[in-house]
Number of protein chains: 2
Amino acid sequence: MAKKGQYIYEYKHPAVTADTVVFGYDGKELKVLLIKRGEEKEAGTSAYVGEWALPGGFMDVDKDKTIAHTAARELKEETGLKLSVKDFKEVGTFSDIDRDPRERVITVAHYALVKLAEVQADTDADKAEWFALDEVPKLAFDHNKILQVASKHLRRDIHFEPVGFDLLPGIFTMPQLQNLYESILGVTFDRRNFANKMKRYNILAEVDDGTPRRGTRTPIRYGFDKKNYDRLKESGFQLEF
Amino acid sequence: MAKKGQYIYEYKHPAVTADTVVFGYDGKELKVLLIKRGEEKEAGTSAYVGEWALPGGFMDVDKDKTIAHTAARELKEETGLKLSVKDFKEVGTFSDIDRDPRERVITVAHYALVKLAEVQADTDADKAEWFALDEVPKLAFDHNKILQVASKHLRRDIHFEPVGFDLLPGIFTMPQLQNLYESILGVTFDRRNFANKMKRYNILAEVDDGTPRRGTRTPIRYGFDKKNYDRLKESGFQLEF
DNA sequence: TATTTTTGCGTATTAAAAACACAGTTATGG
DNA sequence: CCATAACTGTGTTTTTAATACGCAAAAATA
């Protein structure tokens with residue numbers, strides 16, 4: 001952690017934080033990881049103590065190689081979740097002059113996608129909790145607005161990147177994939193057309209995990225064919241769901 | 001401008017700047033507005049003096065309502081170009097730990113689109129100069145990388161927003177519009193298919209400015225039908241070029 | 001056991017994208 | 001001045017993708 005001391009500048013500097021919207025999918029709906037704010041360790045005074053907020057915190061000017069490193073470090077410290085720096089996608093900067101009552105603070109918002117079932121055990125239940133997207137309470141600072149913008153980015157990105165596969169377990173079924181897309185986009189697709197379109201992209205691979213398919217009712221199990229996806233991406237290919 | 005003095009913090013703060021990639025189109029190719037760096041007015045020591053760079057500068061913590069206001073203010077100060085705050089689209093944050101030799105500086109990059117012919121007179125020729133995108137020299141800091149990312153954002157945004165109309169004069173022809181799209185995207189379209197597609201969106205309006213159309217060779221003049229576009233956008237419509 | 005739900009596979013229809021031909025007028029080069 | 005090339009507009013045809021449904025088999029449900 002950064003050292004406390006006396007740091008002097010000729011011109012005013014803003015404080016900089018990184019906040020992260022962590023999205024997870026439980027098979028039914030999209031969820032977000034929130035923390036309950038405690039006493040601030042770094043800033044002079046604390047703000048919004050006891051309220052729900054996005055995980056995040058102040059940049060360590062000496063140690064954080066980039067602002068994404070700040071986001072990753074703070075997420076780990078506040079929720080126990082350890083993600084790779086490249087999993088953080090930048091959403092935008094929030095810099096309204098009065099967004100923090102203590103001093104001028106600008107924050108760089110990120111979002112990250114996790115396989116909820118696999119990480120739920122890692123999240124520190126004392127401090128962090130998963131909320132359904134439509135049950136998120138009033139949050140500290142401008143975090144409701146950040147959440148809104150991040151959701152919009154996710155909905156846009158899903159059209160061009162295989163983000164669905166970051167949210168689902170490694171092996172999944174076509175109906176699961178469709179449910180995910182429908183709940184993120186808030187629409188419904190025709191079952192058969194959705195499957196056809198997905199298959200045309202050749203980024204799904206049937207997986208045989210021993211489960212017998214006695215009838216057509218047992219859904220086929222798929223995995224994400226990352227190798228094929230990377231190849232397609234390199235050749236200038238563009239997904240469009 | 002911010003006052004010089006002694007500002008003390010308990011924890012280290014990074015300096016924050018806003019840089020802007022201003023794109024203009026001269027009818028042939030995409031251009032970018034660059035400035036020649038002089039002595040820094042605000043920071044203790046100057047860096048990259050005499051080199052080309054993107055217009056931008058330090059946030060005024062007391063006066064800049066948002067980081068976009070910083071971008072607008074600095075652009076005005078450095079190039080004479082006065083743009084509305086809402087014309088600045090955020091590209092991303094650049095925060096590598098060693099990107100500025102003086103101190104830790106993170107920058108929020110933006111891009112803006114202007115009608116080159118109409119603003120060329122406003123740009124202060126002593127300090128600023130327009131460069132063709134493929135003739136941009138080596139820039140200060142990580143500005144080449146910022147330019148690259150901004151160009152990528154522009155190429156993406158052009159698919160969903162009528163950005164072409166911000167770059168062209170108010171009245172333009174179909175070939176001009178096509179040339180713009182082709183030079184931004186680096187592709188070629190079939191003349192007839194392009195025109196058909198554009199017309200289907202119903203965001204173009206034929207303009208009669210008195211120029212007689214004696215033959216089919218004199219191109220039809222169009223204007224951007226903003227009213228129709230806003231209506232379409234409100235109804236959930238999405239452009240896709 | 002009868003009924004409903006779920007899954008896969010397929011077809012017909014509709015809309016859009018891509019490829020292409022022609023005619024009139026202006027610009028260009030000798 | 002004339003022949004040629006270049007530019008613009010308006011179509012049509014062909015190919016491809018998107019959309020809307022039908023059917024059968026197995027599993028869950030009542």
Side-chain angles (χ1 to χ4, degrees), chain A residues 27-28 158-160 162 164 168-169 171-183 185-223 225 232 235-241, chain B residues 27-29 158-160 164 168-169 171-183 185-223 225 232 235-241:
Chain A
K28 288 209 164 170
I158 200 178
H159 289 284
F160 307 104
L168 287 173
I171 295 176
F172 52 88
T173 69
M174 193 60 81
Q176 284 178 326
L177 186 61
Q178 181 174 350
N179 277 337
L180 171 60
Y181 271 79
E182 289 182 340
S183 57
L185 294 173
V187 296
T188 56
F189 297 111
D190 180 274
R191 201 164 46 85
R192 298 147 284 191
N193 294 336
F194 180 85
N196 284 336
K197 192 164 185 175
M198 271 296 169
K199 285 180 181 172
R200 263 206 305 277
Y201 288 119
N202 280 100
I203 54 174
L204 297 183
E206 285 194 27
V207 171
D208 181 9
D209 62 346
T211 312
R213 291 199 68 248
R214 282 188 311 283
T216 157
R217 172 118 184 207
T218 4
I220 298 176
R221 292 161 177 282
Y222 293 96
D225 189 340
L232 282 167
S235 65
F237 165 87
Q238 187 177 270
L239 278 186
E240 276 187 33
F241 296 99
Chain B
K28 287 209 164 171
E29 53 187 355
I158 200 178
H159 289 284
F160 306 105
L168 287 173
I171 296 177
F172 52 88
T173 69
M174 194 60 81
Q176 283 179 327
L177 185 60
Q178 181 173 350
N179 277 336
L180 172 59
Y181 271 78
E182 290 181 339
S183 56
L185 294 173
V187 297
T188 55
F189 297 111
D190 180 275
R191 203 163 46 84
R192 298 146 285 189
N193 294 336
F194 181 85
N196 284 335
K197 189 163 186 176
M198 271 296 170
K199 285 179 181 171
R200 264 205 305 277
Y201 287 119
N202 279 101
I203 54 175
L204 297 183
E206 285 194 27
V207 171
D208 181 9
D209 63 346
T211 313
R213 292 199 67 246
R214 283 188 309 281
T216 157
R217 172 119 185 206
T218 3
I220 298 175
R221 292 162 175 281
Y222 293 96
D225 189 340
L232 282 167
S235 66
F237 166 86
Q238 187 177 267
L239 278 186
E240 276 187 33
F241 297 97

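What's counted below: heavy atoms across the whole structure, side chains too, no hydrogens, waters or symmetry copies. Numbered from 1 within each chain, the chains take letters A, B, ... in sequence-line order. Keep in mind it's a predicted model, so treat the numbers as computed, not measured.
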Point to revise | Under 4.0 Å protein heavy-atom contacts per nucleotide of nucleotides 1-16 of chain D, with B for base, S for backbone only and - for none | key: -----BBBBBB-----
For [X] and [N], give me the distance from atom [atom1] to atom [atom2], rounded to whole Å.
X      : N      : atom1 : atom2 : result
A/F194 : D/dT19 : CZ    : P     : 13 Å
A/M198 : D/dA17 : CE    : P     : 16 Å
B/F189 : C/dA19 : CZ    : P     : 12 Å

Would you tabulate the side-chain donor-acceptor contacts of residues 172-180 of chain A under 3.5 Å, counting partners in other chains and residues two or more places apart, or write 'none'?
{"from": "A/T173", "atom 1": "OG1", "to": "A/Q176", "atom 2": "N", "distance (Å)": "3.3"}
{"from": "A/Q176", "atom 1": "OE1", "to": "A/T173", "atom 2": "N", "distance (Å)": "2.9"}
{"from": "A/Q178", "atom 1": "NE2", "to": "A/E182", "atom 2": "OE2", "distance (Å)": "3.0"}
{"from": "A/Q178", "atom 1": "NE2", "to": "A/F189", "atom 2": "O", "distance (Å)": "3.0"}
{"from": "A/N179", "atom 1": "ND2", "to": "A/P175", "atom 2": "O", "distance (Å)": "3.4"}

Practice item. Report the residues that fulfil side-chain hydrogen bond (donor to acceptor under 3.5 Å, both in side chains) with B/E29, sequence neighbours left out, ordered by chain and then residue number. Key: none
Practice item. Could you pull out all residues at least two apart from A/R192 that satisfy side-chain hydrogen bond (donor to acceptor under 3.5 Å, both in side chains)? Key: A/D190
Point to revise | salt bridge (Lys or Arg N to Asp or Glu O under 4.0 Å) partners of B/R217, counting only residues at least two apart | key: none
Study note, to complete from the structure: Residues passing the ring pair (Phe, Tyr, Trp, His ring centres under 6.0 Å) test with A/F160, sequence neighbours excluded, are B/F160
